[in-house]
Every structure is written in C-alpha cells, then in structure tokens.
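Quick notes on the structure that follows.
Note that this is a predicted model, so its numbers are computed, not measured.
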Amino acid sequence: MQSLSVDPSSLSASNLSYSLEDWQKGYESLRDEYTYWIDDIEGAIPADLEGTLFRNGPGLLDVNGQPIQHPFDGDGMVCAIAFKDGKAHFQNRYVRTEGYVAEQKAGRILYRGVFGTEKAGGWLANAFDFKLKNIANTHVVYWGGKLLALWEAAEPYCLNPQTLETLGIERFDGQLQHGEAFAAHPRFDPSCAADGGAPRMVNFSIKPGLSTTITVFELNQAGEIVERHAHSVPGFAFIHDFAITPNYCIFLQNPIAFNPLPMALGLRSAAECLSVDHRQPTKLLVIPRHSNGSVQSFTTQAGFVFHHVNAFEQDGQIVLDSVCYADFPRVRSDEDFREVKFARIPPGQLWRFCMNLEKGTVERQQLDQRGCEFPVVHPGLVGRPYRYFYIGATHAPEGNAPLQAIMKVDLESGDRQLWSAAPRGFIGEPIFVPRSPHNSEAPEDEGWVLSLCFNAEKECSELVILDAQDFGKGAIARLRLKHHVPYGLHGMFTPEYFGSHPNLQQS
C-alpha cells in the first residue's frame, strides 16, 4: 500500500511543492518566552496521550540585529508541550548559557560560530580566537530525573523540567571534565543486559585530530556514568550521530578533510574548513560496548551521513540503516543560508549496510530514493530488529526540497505511507509515541507521531498529531501556537507530565 494524505489538498501551479519565500519565514528569531494553554485546536488530542514533548533548536538567528551566518550557530531555545486529560500546555525558554548571557548583556556578537558566524572587525578581530560558545541548541533529553540541553562540543546544560529554568552545567558528579564534550545524539537502550535488563542512555564524545579519540559513555537510570571507555581511530572524524545494538556501538566515519589554517587566520569558520576527501572511503567503526575488544573497521562508499535510523544484530551480522548524502553540504561564507538552492544539493536518502563481523565485509543497498531526514523508531526497539520507522521527507518522490512530509516505512512489506503539509507547511523531526510502551504484545506501530510544523500561511507553528498506524486519516489533531517556533533540531517525549495543572487555565 502506498497512501498519500496531503493537507492542504491543492499544490501551487509551479513544479515545486513549496515557495522559497514561505520556507524562509520559519527562520526568524523568536525573542519572547511564553507559557500558556493551547486553545486553538483542530480535531481532538487523544485522551490517553499523556506526557511532555521537549524540543530544542536555534531560537535566535541574530544578536541585537546582527545576523548569524548559519542557523546552527543560533542560541538554544527549549520548548515543552505537555499533554494531560486531552489538553496541552506550551512553554519555551532560552538556555542561559554563559555565552548567551554575555552577548545579551553586550548587545552584540562576542563569539565565533562553528558554522560561519564571526565577530565584527574582519579577519583581524577573529584570528587565533578559538574560544567556542556552548550554544546548547541541538538536543534536549530527559534522563535520570534531569533535563539536559545538548550541543556537540561541550558539556550539557541542566534545566528544570517544570519551568525550563537553566540550572547550570551538568558534569555528572565530576565524571565529565571541564570542557569535555558530551555529544548531542545519545541513544537509549531499552534493556541493557549489563544492568540487569534496565534501560541505559549511551552517548559519546569526539576528540578529533590526525587520529581521533572516541569516548563512549553509558548512564544508568539514575543518570550516573557507569561505564566509560576511549578508543583511538586513524584519521580525522566528523561524527554527529551513532547507533547501538545490545553489544556494540556503530559509528560512521565520514571521509572528511579538515584544514585548520583558514580558521586560525580568522578567514573561515571551522565548518567552512571541512571538505569531502573523495580519495578516501567511508569507514564503519564497530566498538564493543561491554568488553575491551578492539575496534573493527569496515570500508564502503556511503558518502556523508548525519543521522542513522537504527541498527541490530542478526545471524553474525550488524545491520545499519542510515540517511546518506552523495556529498557533504558545504557551508560558504559568501552565501545567505535563506537563499539555499535546494535543487543543487544532493538529498539525503535511505541506505542499509550489512556488516559481517567474521568476514570483515560490508554490503549496502538503497532502501528509498525520496529525500528525507530525522528518522525515529519505536523506543522499545532501539538496537533491535524492527519493522517500522518514521522520517521527515520531501513532498515529491525525487529531488531535493525542504521537508514538508512525514513518511512511514514498512521494512517488511515495502509499503510507504506519506502525510504531507505541502504547499505551505514545513515539518520538523517526527517523534513516535507508543500508546502502550510497556506492553510487548502491542503492535509495533500502535501510537502517535508528533511533529512541530511551520504554517507559512498563518505564520505560526502547529503541533500535528498523526495516527501512527494510518496516515490516511490525516492529522487527528492540529494544535496551533500563538506564534512561530524557528525550525528546530532534536527532541524527545517523556511520559512524565511537566505542565501546569489542567484545571488551572491561564494565558
């Protein structure tokens, strides 16, 4: 079955499913912080949907009118939408990092950004300035009773999950050293045998150089680091995401070259100094989670990868599903990111890699050619064989474009379901919420898919709720916010409710 639900039903007369002007509207700063009950709702919130959806992303695209060069340099803003008794409460708050507070007080840019933002004054003002601002803008996770705002290159910031107030840097009782990175894409093992079957959060850090050190962290349910081991791999590594199985961590080492000289001289940012080295293969690195085994490396031609769907062990193999690009999306200082030419950029597409641990070989196959990003699976099947996943997708089946749709993929039957917000809607990362997370007998796809979408027609953001089993129903609920939320990055859902009391309606 291939089903397509489009809302609105009519597309523009052009060949594109979107207009660039509409897409650009989602990249405006949101300066205000809100807390209110969402009362503009189409459809109905499922009565048994209870918990809190946390989202993170760059909320400020300028500092006192001075534009940043790339949205990934924007200060982190966390949103929370809490569900209870068929009602929903919204709040948002900026992470009060050291850099955010300093720049807001000064009213100007004080730090160089990794993705192109520079201080005023040209190369002379930026030369040999290697101090990074922890922008805490990439992910937000609730684990061990703590809400953590994450960024690739530094420690997490801890927030109050009830109010989103910034509490300070989190170093896990001193186990994370000052300035030590804690990556922004942890994985959650639903049942870790090394911890008696209890869940664990698994994360990593990267220390790149001529050789790269990958450090793996495992945290128990109390939020304590209970395992930590470091591994050195040859070459420079630029890694955002990884995958886990019960016994392994899997990293994809993109064939990226880094020339730091232009950055040191104040001529370019760090990301502008990255380029794909087409002479080198892509490496798949398999690291044992609970033993002192060595790193096993596989070589393939995978292009560039930001995100993985999932991985699992089967018949002596590790199977890894990923979103692959033919090339690294280059960052250029002379271009406005709002004027991106989507047609010139290769889309992310779904690929599968099968690694034979005994033979040391890897086979790959393309699963789908539609442009896509931000995959999610049932949280109880992370690292396990699975059938379904959900992913942001382009409206059209070919070519590159902004993400306007959510696609459900059935790996067993090959079926696809697509819900699209084209022509004037643009979606963010989908989140799958199981209806019965602790019922192993429940169907894998029984639950809801939540996604924060930007409605360019109304110039506001909407939380869309889909029936995960049947996209043909369209949006079963659409929660319209009083404002827009700039395009975000990652987030998670927790069954714990962190909103105002449902009986205390307030604006």
Side-chain angles (χ1 to χ4, degrees), residues 16 18 20 23 69-73 113-116 138 152 184-185 206 208 212 233-243 250-263 267-285 297-309 320-353 362-375 391-394 396-403 429 487 489:
L16 297 178
Y18 68 98
L20 192 62
W23 174 78
Q69 177 65 26
H70 193 282
F72 290 176
D73 286 337
V114 172
F115 285 88
T138 309
E152 313 279 16
H185 215 297
I206 294 289
T212 296
V233 298
F236 179 85
F238 178 78
I239 299 174
H240 167 65
D241 190 13
F242 75 130
I250 303 98
F251 296 85
L252 191 146
Q253 186 177 4
N254 299 294
I256 293 291
F258 177 64
N259 176 12
L261 186 59
M263 180 186 71
L267 302 174
R268 294 181 182 177
S269 68
E272 292 172 311
C273 297
L274 298 173
S275 61
V276 173
D277 186 351
H278 294 286
R279 301 168 300 176
Q280 302 296 325
T282 296
K283 295 180 181 178
L284 293 164
L285 308 173
S297 178
F298 301 81
T299 59
T300 185
Q301 296 295 328
F304 185 86
V305 171
F306 281 116
H307 295 119
H308 305 290
V309 183
L320 174 68
D321 295 334
S322 307
V323 180
C324 302
Y325 296 80
D327 204 347
F328 173 63
R330 293 294 302 275
V331 179
R332 294 184 54 173
S333 58
D334 59 344
E335 294 182 346
D336 184 343
F337 70 85
R338 295 177 179 86
E339 299 294 335
V340 62
K341 305 295 189 296
F342 284 98
R344 298 181 183 177
I345 303 173
Q349 297 173 317
L350 292 166
W351 286 78
R352 168 165 287 190
F353 305 92
V362 57
E363 297 180 358
R364 66 186 183 121
Q365 69 176 106
Q366 189 170 11
L367 299 179
D368 201 288
Q369 66 177 2
R370 186 185 296 268
C372 58
E373 256 299 356
F374 298 129
I391 192 166
T394 57
E398 298 180 352
N400 198 11
L403 301 179
E429 176 190 56
Y487 299 124
L489 294 170

What one should report as the nearest heavy-atom pair of Phe258 and Ala270 is CE1-O, 3.5 Å

Just how far is it from atom CG of Leu403 to atom OG1 of Thr394, taken to the nearest 0.5 Å? 7.5 Å

My understanding is that only residues two or more places apart in sequence, or in another chain, count here; which of them pass side-chain contact (heavy atoms from CB on, under 4.5 Å) with Pro397? Arg370

Would you indicate whether the side-chain heavy atoms of Leu284 and Thr300 approach each other to under 4.5 Å? yes

Whether Asp368 side chain and Leu350 backbone form a donor-acceptor pair below 3.5 Å: no

Taking all non-hydrogen atoms of both residues, which atom of Gly348 and which atom of Tyr325 are closest, and how far apart? N-CE2, 3.2 Å

Side-chain donor/acceptor of Gln253 to backbone N/O of Pro234, under 3.5 Å: yes

Could you tell me if the ring centre of Phe242 sits under 6.0 Å from that of His185? no

For Pro346, give me all partners under side-chain contact (heavy atoms from CB on, under 4.5 Å), at least two apart in sequence or on another chain. Ala326, Asp327

What's the separation between atom CD1 in Ile206 and atom CZ in Phe251, rounded to the nearest 0.5 Å? 6.0 Å

Set of side-chain hydrogen bond (donor to acceptor under 3.5 Å, both in side chains) partners for Glu429, sequence neighbours left out: Arg55, His490

Pairwise distance SG(Cys324) to NE2(His308) - rounded to 0.5 angstrom: 8.5 Å

For Phe337, side-chain contact (heavy atoms from CB on, under 4.5 Å) partners two or more places apart: Tyr27, Leu61, Pro71

Are the side chain of Gln69 and the backbone N or O of Val114 linked by a donor-acceptor pair below 3.5 Å? no

Should Phe238 and Phe236 be marked as a ring pair (Phe, Tyr, Trp, His ring centres under 6.0 Å) after you check the CA-CA gap, both sets of side-chain angles, and the distance that decides it? CA-CA 7 Å; Phe238 178 78; Phe236 179 85; 7.3 Å; no

If you compare all heavy atoms of Leu252 against all heavy atoms of Asn254, which two are closest, and at what distance to 0.1 Å? CD2-OD1, 3.2 Å

Rounded at 0.5 Å granularity, tell me how far CD in Gln280 sits from CD in Gln301. 10.0 Å

Only pairs at least two apart or in different chains count here, so list each side chain to side chain donor-acceptor pair (under 3.5 Å) that has a residue in residues 340-352. Asp321-Arg352, Gln349-Gln366

If I compare all heavy atoms of Ile391 with all of Glu373, which pair ends up nearest, and what's the gap? CG1-O, 3.0 Å

Side chains of His240 and Thr138: closer than 4.5 Å at any heavy-atom pair? yes

If you look at every heavy atom in Gly235 and Thr212, which pair is closest and at what distance? O-OG1, 2.7 Å

Residue list, side-chain contact (heavy atoms from CB on, under 4.5 Å) with Ala396, at least two apart or on another chain: none

For the residue pair Leu267 and Glu272, establish whether any side-chain heavy-atom pair is separated by less than 4.5 Å. no

Nearest non-hydrogen partners of Pro262 and Cys273, listed with the distance: CB-SG, 4.0 Å

Would a distance-only check, ignoring hydrogens and angles, find a side-chain to backbone donor-acceptor pair under 3.5 Å from Tyr487 to Trp23? yes

